[in-house]
Trainee: 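The structure follows.
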Amino acid sequence: MTTTPVKNNLWPRRAFLAMGATLPWTGHFSQSPSAAAANAIPVGLEMYSVRDALGKDPAGTVRAIAAMGYEGVEFYAPYFAWSEAQAKDMRKLLDELRIRCFSTHNDSDYFSGDKLQHAQELNLILGSKYMVMASSHAKPGLDGWRQVADTLNAAAEKLEPRGLKAGYHNHQPEFALTDGVPPMEIVAKNTKPSVMLQLDVGTCIEAGTDPVAWIMAHPGRIRSMHCKDWSPEAAKKYSVLFGEGVADWKALFQAAENGGGIEYYLMEQEGSRFPELETAQKCLQRFRAARQG
């Protein structure tokens with residue numbers, strides 16, 4: 001993402017109109033009671049999923065995501081390069097589109113000192129609720145992971161009086177045994193309950209951990225979930241669309257909504273056989289169908 005001002009220019013008109021014929025507009029129109037119940041918990045998009053489009057045209061990409069029916073976004077680390085004026089432009093656009101910035105993904109360096117102050121101000125402008133640590137750079141051993149937890153707790157103490165909360169996002173290493181213990185357990189046990197444990201479903205599965213069991217073991221902490229699927233087939237891995245992998249989404253939704261503490265879902269895609277925006281559209285369609293099924 002560039003640091004040039006966020007412009008409210010439209011996503012290229014020809015492409016927008018071409019996609020318009022197939023967009024699932026249900027996110028902005030009246031729904032049946034069963035559909036409304038299934039969609040009671042909002043779904044947003046982790047913007048890393050459309051990183052190339054976002055880097056070229058931030059405002060146009062956000063407009064396209066809103067038109068698909070996504071109810072919110074999660075900006076990732078490049079947002080940190082925005083000025084406060086750029087963040088205000090983006091907030092104005094989000095308000096215009098009636099969608100929210102649910103949270104942001106952040107490097108661990110953003111959780112202390114002047115960087116924490118800058119990240120905090122941007123998140124407040126954007127209307128975000130959670131600042132999520134998505135790259136921890138933990139030092140070796142379990143003590144390194146305890147330091148990560150300490151950093152999260154210290155940041156939470158500074159963020160919470162301003163109305164923000166801290167969170168942690170897992171990848172595969174957090175579930176790989178270190179001295180016989182999954183580091184994610186160290187993070188969970190050593191952070192205050194207000195620190196969200198944002199579950200990345202796909203990486204959890206690839207690491208050999210049952211994400212449903214993880215949710216059930218940490219009630220109230222799984223307040224958002226990256227709905228990223230995974231396939232054990234070497235040629236597919238994370239390139240599958242939502243619902244094409246091995247994740248048991250029905251069980252995951254059940255656990256998240258019955259004790260897990262889920263507040264919002266986030267679609268995330270690392271890349272598929274389709275272009276970025278089409279992938280985001282197809283994944284949302286499949287998510288909606290799974291929620292209503």
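The model shown is predicted, which means the values in this text are computed figures rather than measured ones.
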Trainee: Within the 4.5 Å heavy-atom criterion, are M131 and L159 side-chain neighbours or not?
Mentor: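 They are in side-chain contact.
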Trainee: Evaluate side-chain contact (heavy atoms from CB on, under 4.5 Å) for Q281 paired with R286, printing each intermediate quantity in order.
Mentor: CA-CA 9 Å; Q281 176 200 359; R286 297 176 68 91; over 6 Å; no
Trainee: Which of these, I65, L45, V62, sits in a side chain to side chain contact (heavy atoms under 4.5 Å, CB included) with I99?
Mentor: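 Exactly one option meets the side chain to side chain contact (heavy atoms under 4.5 Å, CB included) with I99, and it is V62.
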Trainee: Does Y110 offer a backbone N or O that forms a donor-acceptor pair with the side chain of D107 under 3.5 Å?
Mentor: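 Side chain of D107 to backbone of Y110: no pair is present.
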Trainee: If every non-hydrogen atom of D229 is compared with every non-hydrogen atom of V246, which pair is closest and at what distance?
Mentor: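 Shortest heavy-atom contact: OD1-N, 3.3 Å.
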Trainee: Can you find a heavy atom in the side chain of M184 that is under 4.5 Å from one in the side chain of L197?
Mentor: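 Touching, per the 4.5 Å side-chain cut-off.
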Trainee: Going by atom types alone, do H105 and S103 pair a side-chain donor with an acceptor below 3.5 Å?
Mentor: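 H105 vs S103: no donor-acceptor pair found between side chains.
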Trainee: Nearest 0.5 Å please: distance from the CG atom of N123 over to the SG atom of C101.
Mentor: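 Atom-to-atom, N123:CG and C101:SG are 6.5 Å apart.
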Trainee: So which atom in V201 and which in P211 form the shortest heavy-atom distance, rounded to 0.1 Å?
Mentor: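 What the structure gives for the nearest pair is CG1-CG, 4.3 Å.
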Trainee: Do P182 and T209 come close enough that some side-chain heavy atom pair is under 4.5 Å?
Mentor: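 Sidechains of T209 and P182: no contact.
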Trainee: Apply the test side-chain contact (heavy atoms from CB on, under 4.5 Å) to residues R162 and E121: give CA-CA distance (whole Å), side-chain angles for both, the deciding distance (0.1 Å), then the verdict.
Mentor: CA-CA 10 Å; R162 300 290 305 277; E121 293 305 323; 3.2 Å; yes
Trainee: Classify the side-chain pair T279/Q269 by whether it contains a donor and acceptor separated by less than 3.5 Å.
Mentor: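 No pair is found: no donor N or O on one side chain lies under 3.5 Å from an acceptor on the other.
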Trainee: Rounded to the nearest 0.5 Å, what separation is found between the CG atom of L124 and the CG atom of L164?
Mentor: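 L124 atom CG to L164 atom CG measures 4.5 Å (nearest 0.5 Å).
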Trainee: Could you tell me whether the side chain of I262 reaches within less than 4.5 Å of the side chain of I41, counting heavy atoms only?
Mentor: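 A side-chain contact exists here, since the closest heavy-atom pair is under 4.5 Å.
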Trainee: Mark yes or no for whether D210, through its side chain, and I205, through its backbone, hold a donor-acceptor pair below 3.5 Å.
Mentor: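 Side chain of D210 to backbone of I205, a donor-acceptor pair under 3.5 Å: no, none is there.
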Trainee: Search all heavy atoms of A119 against all heavy atoms of Y79 and return the closest pair with its distance.
Mentor: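 Heavy atoms of A119 and Y79 come nearest at CB-OH, 3.8 Å.
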Trainee: Say you draw a straight line from CH2 of W145 to CD of E174; how long is it, rounded to the nearest 0.5 Å?
Mentor: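 If we round to the nearest 0.5 Å, W145:CH2 and E174:CD are 4.0 Å apart.
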Trainee: Answer whether the closest heavy-atom distance between the side chains of M133 and T151 falls below 4.5 Å.
Mentor: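 Side chain of M133 against side chain of T151, heavy atoms only: contact under 4.5 Å found.
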Trainee: If you group Ile, Leu, Val, Met, Phe, Trp and Tyr by side-chain heavy-atom gaps below 4.5 Å, do L199 and Y265 land in one group?
Mentor: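 Yes; Y265 is reachable from L199 via cluster members.
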Trainee: Among R100, R98, R288, which one satisfies salt bridge (charged side-chain N to carboxylate O under 4.0 Å, His left out) with E71?
Mentor: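 So, applying the salt bridge (charged side-chain N to carboxylate O under 4.0 Å, His left out) to E71 and each of R100, R98, R288, only R288 qualifies.
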Trainee: Side-chain contact, heavy-atom cut-off 4.5 Å: V240 with W230?
Mentor: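 No, every pair of side-chain atoms sits at 4.5 Å or beyond.
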Trainee: Are S49 and E276 close enough that a side-chain donor and a side-chain acceptor fall under 3.5 Å?
Mentor: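 Absent: no donor and acceptor within the cut-off.
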Trainee: Under 3.5 Å, side chain of E244 to main-chain N/O of L241, donor-acceptor pair present?
Mentor: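 Answer holds: yes.
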Trainee: Looking at every heavy atom in both L284 and G69, which two are closest together, and how far apart are they?
Mentor: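 What the structure gives for the nearest pair is CD2-C, 3.8 Å.
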Trainee: Kindly determine whether D109 and H137 satisfy side-chain hydrogen bond (donor to acceptor under 3.5 Å, both in side chains), including the steps that lead there.
Mentor: CA-CA 9 Å; D109 289 346; H137 308 297; 5.7 Å; no
Trainee: Can you hop from I125 to V73 via hydrophobic side chains spaced under 4.5 Å?
Mentor: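 Different hydrophobic clusters.
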Trainee: Report the C-alpha separation of K158 and L116 in whole Å, then their side-chain angles, then the decisive distance to 0.1 Å, and conclude whether the side-chain contact (heavy atoms from CB on, under 4.5 Å) test is met.
Mentor: CA-CA 9 Å; K158 295 179 179 180; L116 174 61; 3.8 Å; yes
Trainee: Carefully, step by step, assess K228 and E270 under the rule salt bridge (charged side-chain N to carboxylate O under 4.0 Å, His left out).
Mentor: CA-CA 8 Å; K228 180 170 66 181; E270 295 189 6; 2.9 Å; yes
Trainee: In terms of relative ring orientation, are F175 and W214 parallel, tilted or perpendicular, with 30° and 60° separating the classes?
Mentor: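 Perpendicular.
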Trainee: Under 6.0 Å from the six-membered ring centre of Y48 and within 45° of its axis: does the NZ or CZ of R51 meet both?
Mentor: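 Yes, R51 lies over the aromatic ring of Y48.
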Trainee: Would you say the rings of Y130 and F102 are close, in the sense that their centroids are separated by under 6.0 Å?
Mentor: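 No, the ring centres sit 6.0 Å or more apart.
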Trainee: Find out if a path of hydrophobic residues (ILVMFWY) with successive side-chain heavy-atom gaps under 4.5 Å connects F80 to M90.
Mentor: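 Yes; tracing contacts between hydrophobic side chains, which count when under 4.5 Å, links both residues.
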Trainee: Return the CG to CD distance between N106 and Q120, rounded to the nearest 0.5 Å.
Mentor: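 Answer for the CG-CD pair, N106 versus Q120, is 11.5 Å.
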Trainee: So which atom in L126 and which in A87 form the shortest heavy-atom distance, rounded to 0.1 Å?
Mentor: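 Here L126 and A87 meet closest at CD2-O, 3.7 Å.
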Trainee: Take atom NZ of K139 as the centre, draw a 6.0 Å sphere, and report whether it contains more than 12 heavy atoms from other residues, nucleotides or ligands.
Mentor: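 No, NZ of K139 has 12 or fewer neighbouring heavy atoms, counting only those of other groups under 6.0 Å.
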Trainee: Pair T191, R221 - check side-chain hydrogen bond (donor to acceptor under 3.5 Å, both in side chains), show working.
Mentor: CA-CA 11 Å; T191 48; R221 301 287 302 273; 2.8 Å; yes
Trainee: When rounded to the nearest 0.5 angstrom, what distance separates CD in E263 from CD in Q198?
Mentor: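 It is 11.0 Å, given to the nearest 0.5 Å.
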Trainee: Check the hydrophobic clustering (I, L, V, M, F, W, Y; side-chain heavy atoms under 4.5 Å; chains of links allowed) and say if Y264 and W249 are grouped together.
Mentor: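 Looking at the clustering, W249 is in a separate group from Y264.
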Trainee: Contact between C227 and F287 at the side-chain level, heavy atoms closer than 4.5 Å - yes or no?
Mentor: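 The answer is yes, as the side chains (C-beta and beyond) meet within the 4.5 Å cut-off.
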Trainee: Taking atom NZ of K236 as the centre, report whether more than 12 heavy atoms of other residues, nucleotides or ligands fall under 6.0 Å from it.
Mentor: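 Not more than 12 within 6.0 Å, no.
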Trainee: Between D95 and R91, does at least one N-O distance fall below 4.0 Å, as a salt bridge requires?
Mentor: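 Yes, this pair counts.
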Trainee: Centre-to-centre under 6.0 Å for F75 and W82, is that the case here?
Mentor: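 That pair passes the under 6.0 Å test.
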Trainee: Quick check with a 6.0 Å cut-off and a 45 degree axis cone: is R291 positioned over the face of F253's six-membered ring?
Mentor: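 Geometry flag: set, cation within 6.0 Å and 45°.
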Trainee: Quiz question: by atom type and distance under 3.5 Å, do the side chains of Y168 and S136 form a donor-acceptor pair?
Mentor: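 Looking only at side-chain atoms, S136 and Y168 do form a donor-acceptor pair, the distance falling under 3.5 Å.
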Trainee: Roughly how far apart are S239 OG and E233 CD, rounded to 0.5 Å?
Mentor: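 So the OG of S239 and the CD of E233 are separated by 9.0 Å.
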Trainee: If you take all heavy atoms of A53 and T61, which pair is closest and at what distance?
Mentor: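 Scanning both residues, the minimum pair turns out to be O-OG1, 3.0 Å.
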Trainee: Do V148 and S108 come within less than 4.5 Å of each other through their side chains, counting heavy atoms only?
Mentor: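 V148 vs S108: side chains apart.
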Trainee: Let's go through T104 and E74 carefully: what are the C-alpha distance in whole Å and the side-chain angles of both, what is the deciding distance for side-chain hydrogen bond (donor to acceptor under 3.5 Å, both in side chains) to 0.1 Å, and is it a yes or a no?
Mentor: CA-CA 5 Å; T104 59; E74 179 177 73; over 6 Å; no
Trainee: Kindly indicate whether a cation-pi arrangement holds for K282 with F274, taking the cut-offs as under 6.0 Å to the six-membered ring centre and within 45° of the axis.
Mentor: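 Yes, a cation-pi geometry.
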Trainee: Exactly one of R223, H169, K165 should register a side chain to side chain contact (heavy atoms under 4.5 Å, CB included) with M196. Which one does?
Mentor: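 So the option named by the test is R223.
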Trainee: Quick one: do I186 and I215 end up in the same hydrophobic cluster if we chain Ile, Leu, Val, Met, Phe, Trp and Tyr together by side-chain heavy atoms under 4.5 Å apart?
Mentor: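 Shared cluster, yes.
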Trainee: Verify, without hydrogens or angle tests, whether N190 (side chain) and A149 (backbone) share a donor-acceptor contact under 3.5 angstrom.
Mentor: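 Judged by distance alone, no pair lies under 3.5 Å.
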Trainee: Let's go through K88 and K92 carefully: what are the C-alpha distance in whole Å and the side-chain angles of both, what is the deciding distance for side-chain contact (heavy atoms from CB on, under 4.5 Å) to 0.1 Å, and is it a yes or a no?
Mentor: CA-CA 6 Å; K88 288 177 181 177; K92 182 179 179 181; over 6 Å; no
